[in-house]
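Input: a single structure, listed below in structure tokens.
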Amino acid sequence: MAKEKYNHQEIEKRVQAAWSASELHTVDLADTEKDPYFLLFEFPYPSGDLHIGHWYAFALCDVYARLLRQQGKNVLFPIGFDSFGLPTENAAIKNNVDPREWTMKNIERMRGQVRSMGTTVDWSREVISSEPEYYRWTQWLFAKLFEQGLAERRLAPVKWCPKDQTVLAHEQVLDGKCERCGTEVEEKHLTQWFLKITKYAKRLLEDLDPLPWREDIKDAQRAWIGESRGAKLNFSISGREESIEVFTTRPDTLFGATYVVLAPEHPLVETLLDSVTNKDAVLTYRKQTAQKSERERSENKQKTGVVLGGVMAVNPATKEEVPVYIADYVLATYGTGAVMAVPAHDERDFEFAQKMQLPIRHVVMPERIDHRNPHQEGKELTRRSIVIAIVHDSRTDTYLTLNWKEQPWITFVTGGVEENEDVVEAAKREVVEETGYTDVAFSRILGGPTQSEFYAAHKGVNRYNHATTVLFELLNDTQEPLTEEENALHTLVWRTADEIRNDGLQHAEMDLILERLFKGETAMTEDGVLVNSGEFSGRGNREALEDIVAFAGGEMVTNYRIRDWLVSRQRYWGCPIPIVYDPEGVAHPVPPEHLPWLLPTDVTSGTRADGQSPLAGSDELRDRVTRIFGEGWTPEYDTLDVFVDSSWYFTRYLSPNSETAFSDPALMKKWLPVDRYSGGAEHTTVHLLYSRFFYKALHDLALVPTAEPYVERFNRGLILGTDGQKMSKRWGNVVNPDEMVEKFGADAVRMYLAFIGPYNEPGNYPWKLDGVQGTRKFLDRVYQLREKVGEAEVSAELARALVRATNKVTEDTERFKMNTAVAALMVLVRELEGLAVVPRTAFKQFLVILAPYAPHLSDHLWQEQGGAGSVHQAPWPEVVEEVVTEVTIGVQVNGKKRGEITVSPEAEEEAAVLAARAVPAVEAALGNQPPARVIYVPGRILNLVADNTAGGV
RNA sequence: GCCCAGGUGGUGAAAUUGGUAUACACGCAUCCUUGAGGUGGAUGUGGCUUCGGCUGUGGAGGUUCAAGUCCUCUCCUGGGCACCA
């Protein structure tokens with residue numbers, strides 16, 4: 001027989017009406033009795049439709065807000081709309097309506113949807129960023145930053161989206177394409193407004209450390225800011241006044257710098273042109289790079305470049321003259337726009353050097369320790385330059401190796417390098433001496449020298465070998481007879497590549513040899529011991545780094561990857577930049593008495609052929625400027641990036657209607673920083689970083705009380721379509737929350753979202769219709785319980801179950817692990833269902849902890865059970881320790897579970913063992929012998945260790 | 001390439017932080033209920049099994065009385081950054 005289901009539509013509508021009539025969720029910010037708690041979610045963009053992601057964010061925050069209120073906190077839980085922006089403008093053009101009308105219509109619709117969720121946001125504090133009473137303060141704050149020198153207008157290379165007809169911030173370009181529309185961006189030189197976030201790079205980085213955020217979120221910001229410690233070094237230019245300043249993180253490799261590269265846009269290129277001998281080639285290359293888009297430049301990672309003929313720079317360490325190149329792999333916007341190139345120890349320089357056939361000088365030796373023959377205490381320490389000679393026979397594709405007779409070794413041909421002897425000569429001499437093969441041809445040197453550390457048993461000394469590996473090709477089998485001594489030492493074995501890899505050759509640096517032999521040459525970026533580095537040779541490269549900088553007359557500096565924030569946009573639907581220009585073209589902020597600096601209404605959305613903002617066509621704006629400031633004054637036509645609007649919105653929630661301040665200082669002092677900020681992962685490096693910067697800048701102006709805006713940050717996971725794909729109209733897998741609410745009720749939908757998985761984890765959760773049905777089924781069971789409710793005593797067991805559930809729900813909700821909180825509620829319901837009569841007090845206690853999750857149904861049932869007021873005003877029960885009288889623990893024998901016993905948590909070991917041995921399976925596993933050892937953790941585990949010698953296995 | 005996060009049943013996921021692996025739910029199977037369904041309920045549900053057990057948290061080692069959890073190596077997936085010197 002079908003059980004009775006509750007009528008969610010009727011109940012939810014009625015309960016919601018009661019909530020809004022009683023203004024249950026309007027917060028009194030001035031209250032002094034309760035603890036304030038500021039719970040924030042990212043204010044939505046008024047696209048016109050609330051999607052399931054909004055539901056996920058709003059509903060779960062609402063669960064927490066309700067819990068906090070029941071716990072007696074004064075909770076600020078506001079909502080607003082991030083309503084400027086391009087999609088609205090485009091939609092307005094498409095539908096031929098005013099963007100403001102479009103926006104307000106969408107907001108109205110979304111308000112209704114948010115209400116249908118039963119969300120307890122405080123509507124009296126709603127902010128709309130496109131309304132003049134809001135953007136007036138965006139402008140006021142911008143002017144403040146301008147006065148501080150933090151907003152600056154300058155000519156700069158910028159990213160331009162030809163489709164959206166506007167410039168983009170660095171952050172809005174992904175893979176060379178416009179983040180919004182996917183069009184390939186162009187590069188333009190334009191005079192634009194920037195906010196100087198780079199000034200705050202260090203603080204944005206340092207202040208991240210103590211924040212209790214997830215490490216991956218912090219890491220993403222750290223990577224975005226991109227700090228790197230290095231040095232500025234000066235390379236003077238032979239015969240000229242100027243010098244080239246380079247930035248490098250590897251000044252330790254300075255002695256290996258064999259050329260210098262400037263970015264093609266580097267201003268010095270212009271200056272040097274008069275002494276350049278290949279002017280045409282240089283100019284052509286510069287032109288080519290200028291035409292290439294950023295994308296083309298980064299897509300084609302083949303190195304290109306041109307030498308500045310006749311220009312030589314001087315390596316400050318070696319005093320050697322080195323050539324100077326321009327190449328587009330060096331970025332004008334990072335560091336000094338110039339690098340010293342060390343092909344031996346930098347991959348990009350290596351590639352370029354290969355292409356240009358430039359010399360490679362190795363200055364750092366990687367170190368390897370032979371652990372089979374470690375240095376021995378008290379033995380003499382010797383250093384030796386050696387060669388490792390590898391002879392390859394192409395006819396059989398084998399390599400010549402030596403099997404040692406007196407030692408269990410296999411090696412290549414090796415030997416010392418004599419005074420004044422070339423390594424190749426030395427290697428060839430050793431091949432003849434040790435193997436007799438005379439006709440070998442030099443093939444190549446395998447990378448730079450390596451240092452190996454081992455005990456040379458045959459000589460009785462500790463060794464550091466500085467080895468250079470030389471590869472030869474065997475020409476023919478001509479072989480001289482070997483001396484007696486040589487014959488006594490080893491036998492010759494030709495080994496295949498696989499054998500070389502697997503036979504355990506003795507060389508400590510074997511990994512490097514194999515890599516260089518079979519995979520080819522690469523730059524050696526490991527740390528190690530300096531060579532060819534003058535007085536620094538022999539020291540560790542890291543340890544000597546700062547000394548080398550001092551020696552070369554450079555200085556240590558820190559560089560950041562982050563760029564200044566470009567905030568100018570050439571579109572209509574944004575906050576007008578509150579700047580006017582005097583007849584000389586000097587920028588002035590619009591004085592506060594003229595704010596809001598209204599968006600003109602005589603022009604509308606759209607683009608202009610000249611790429612200027614639509615505002616450039618406004619007579620009203622021009623007349624306004626003339627009227628207020630005088631003849632010859634002109635307006636700024638650009639509008640602000642919407643991320644400026646959203647950088648401070650949360651402060652406005654405190655005094656959304658204030659006409660005297662962007663936010664009330666006393667209230668800010670009380671309510672900021674935000675206690676918990678929930679949002680999407682996509683905002684980690686953009687909105688979150690921008691708003692931290694903005695807030696810090698305001699803090700420096702003493703406009704906000706703290707240095708950081710958000711105490712906690714929670715990034716929610718993503719809700720996928722039923723097919724496991726990202727929800728998108730393209731896949732036709734978009735879940736319409738309104739339909740779900742109509743069919744299953746708001747309580748079932750929010751409960752399902754809570755149950756789907758942990759909220760603050762980077763997970764993706766497919767939306768399952770069956771899952772919503774599951775939570776609905778649970779709520780129907782809750783509803784059916786009312787038939788069993790009666791007057792009865794609460795048993796000790798039931799009391800314990802209530803405590804257990806309460807503790808779990810409390811703790812897990814606080815941590816946003818709503819999935820396990822819901823599971824605890826389900827377990828409790830199962831226990832209640834098992835009772836013949838559900839005591840009314842127990843049922844009401846259950847409703848109190850169910851309330852945040854199923855606010856409508858629980859409130860309905862609460863009132864039905866004669867509860868006072870709303871269940872959402874019922875105090876949340878304290879977390880108390882559960883009284884446990886007996887506990888079932890596992891019994892292991894030798895670590896394997898063999899049974900379980902139920903004992904008091906304080907049971908003595910003796911009693912526990914006695915109980916355990918009464919279990920047949922346990923006693924059998926023990927072989928009827930008393931355990932040799934007992935590990936007993938009361939209330940947790942009993943592990944009996946059988947005597948292996950007696951028990952026998 | 002570098003930096004994170006994560007691999008547990010058919011699925012979403014739990015696991016008191018070293019102590020009974022798979023809570024809770026979905027799905028599935030069998031049975032009951034209803035005239036039938038996208039109804040309601042009961043039971044079962046990691047794998048293998050000679051029904052005694054054995055085995056099992058991506059893989060291989062290790063530490064420990066005891067490992068999903070700690071250590072070493074390795075494979076795979078997702079995310080971020082990427083010619084940043």
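Here is the naming used below: chain letters follow the sequence lines, and residue numbers restart at 1 for every chain. Since we're looking at a predicted model, the values are computed, not measured.
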Decide, for G10(B), between syn and anti: a glycosidic angle within 90° of 0 counts as syn, anything else as anti. anti

Given the ring of Y329(A), does K303(A) sit roughly above its face, with NZ or CZ under 6.0 Å from the centre of the six-membered ring and within 45° of the axis? yes

Which nucleotide wins on minimum distance to the side chain of M826(A), given the candidates C65(B), C24(B), A14(B)? C24(B)

Pick one for U30(B): is it syn, with its angle within 90° of 0, or anti? anti

Classify R898(A) by what it touches in the nucleic acid, base, sugar-phosphate, or nothing, heavy-atom distance under 4.0 Å. sugar-phosphate

With a non-hydrogen cut-off below 4.0 angstrom, is K768(A) in contact with a base, only sugar-phosphate, or nothing? sugar-phosphate

T775(A) side chain near A25(B) phosphate (N/O to OP1/OP2, under 4.0 Å): no

Criterion side chain to side chain contact (heavy atoms under 4.5 Å, CB included) against N315(A), the qualifying member of F255(A), Y259(A), F235(A): F235(A)

Using atom C1' of each nucleotide, how far apart are A60(B) and C48(B) to the nearest Å? 23 Å

Nucleotide opposite C65(B) in a Watson-Crick or G-U pair, distances under 3.5 Å: G19(B)

Whole-Å distance, Y765(A) OH to G12(B) P, equals 11 Å

Kindly compute the distance separating CG (N559(A)) from CZ (R229(A)), expressed to the nearest 0.5 Å. 11.0 Å

Expressed in angstrom and rounded to an integer, what is the separation of E811(A) atom CD from U17(B) atom C1'? 14 Å

With rounding to whole Å, what would you report as the distance between A67(B) and U55(B) at their P atoms? 13 Å

Would you mind telling me which of A5(B), C65(B), C24(B) lies closest to the side-chain atoms of V827(A)? C24(B)

K897(A) has an atom NZ; how far is it from atom P of C54(B), in whole Å? 13 Å

Quick one: classify the glycosidic conformation of G79(B) as syn or anti, with syn meaning within 90° of 0. anti

Please give, in whole Å, the distance from C26(B) P to F778(A) CZ? 11 Å

Whole-Å distance between A13(B) C1' and L753(A) CG? 15 Å

Pick the nucleotide of RNA chain B nearest each of A921(A) and I217(A); which residue has the one closer to the 5' end? I217(A)

Separation of E227(A) CD from L204(A) CG (nearest 0.5 Å): 11.5 Å

Is it the case that the ring center of F352(A) lies less than 6.0 angstrom away from the ring center of Y325(A)? yes

Roughly how far apart, to the nearest Å, are A15(B) and G9(B) at atom C1'? 15 Å

Please step through side-chain contact (heavy atoms from CB on, under 4.5 Å) for the pair E526(A) and V364(A), ending with a clear verdict. CA-CA 8 Å; E526(A) 273 180 51; V364(A) 182; over 6 Å; no

Shortest side-chain distance from I941(A), nucleotide among U20(B), C4(B), A15(B): U20(B)

So, does K808(A) get its side chain near the phosphate of A23(B), meaning an N or O under 4.0 Å from OP1 or OP2? no

Answer for the Watson-Crick or wobble partner of C24(B), both distances under 3.5 Å, is G12(B)

Minimum-distance nucleotide (side-chain atoms of Q773(A) versus A13(B), C26(B), G38(B)): G38(B)

Remember a base hit wins even if backbone is also touched, and classify L769(A) as base, sugar-phosphate or nothing at under 4.0 Å, heavy atoms. base

With both distances kept under 3.5 Å, what pairs with G37(B), Watson-Crick or G-U wobble? none

Exam field: side chain R214(A) to backbone N760(A), donor-acceptor pair closer than 3.5 Å: yes

Any side-chain N or O of K777(A) less than 4.0 Å from the OP1 or OP2 oxygen of C26(B)? yes

Pairing partner (Watson-Crick or G-U wobble, both distances under 3.5 angstrom) of C83(B): none

U72(B) pairs with, by Watson-Crick or G-U criteria that keep both distances under 3.5 Å: A60(B)

Pairwise 5' ranking along RNA chain B for A823(A) and M340(A), keeping only the more 5' one: A823(A)

Verify the contact: side-chain N or O of R933(A) to OP1 or OP2 of C65(B), cut-off strictly under 4.0 Å; return yes or no. yes

Report yes if at least one side-chain N or O of Y334(A) is closer than 4.0 Å to OP1 or OP2 of A85(B); otherwise report no. yes

Please pick, from C4(B), U20(B), G27(B), the nucleotide with the shortest atom-to-atom distance to any side-chain atom of D216(A). C4(B)

Just compare G12(B), A5(B), C81(B) and give me whichever is closest to any side-chain atom of R561(A). C81(B)

Classify the nucleic acid contact of R222(A) as base, sugar-phosphate or nothing, counting any heavy atom under 4.0 Å across all strands shown. nothing

Do any side-chain nitrogens or oxygens of N819(A) fall under 4.0 Å of OP1 or OP2 in A14(B)? yes

R940(A) has an atom CZ; how far is it from atom P of U16(B), in whole Å? 9 Å

Test: R716(A) cationic atom under 6.0 Å from F714(A) six-membered ring centre, within 45° of axis: no

Starting the side chain at C-beta, find the nucleotide from U16(B), C24(B), C65(B) nearest to I935(A). C65(B)

Watson-Crick or G-U wobble partner of G46(B), both distances under 3.5 Å: U55(B)

Quick check on C24(B): is either OP1 or OP2 less than 4.0 Å from any side-chain nitrogen or oxygen of R781(A)? no

What about N943(A), does its side chain sit under 3.5 Å from the base of C65(B) through a donor-acceptor pair? yes

Regarding the side chain of W224(A), the nearest nucleotide among C65(B), G19(B), C81(B) is C81(B)

Side chain of P758(A), heavy atoms from C-beta onward: which of A14(B), A85(B), U20(B) has the nearest atom to it? A14(B)

Atom-pair distance (CG on L331(A); P on C83(B)), nearest Å: 7 Å

Any luck finding a side-chain donor-acceptor pair between T775(A) and Y853(A) under 3.5 Å? no

Describe the nucleic acid contact of V937(A) in one word from base, sugar-phosphate, nothing, applying a heavy-atom distance below 4.0 Å. base

Tell me the interatomic distance from I225(A), atom CD1, to G80(B), atom C1', rounded to whole angstroms. 14 Å

Among the nucleotides C83(B), C24(B), U20(B), which one has an atom lying closest to any side-chain atom of T888(A)? U20(B)

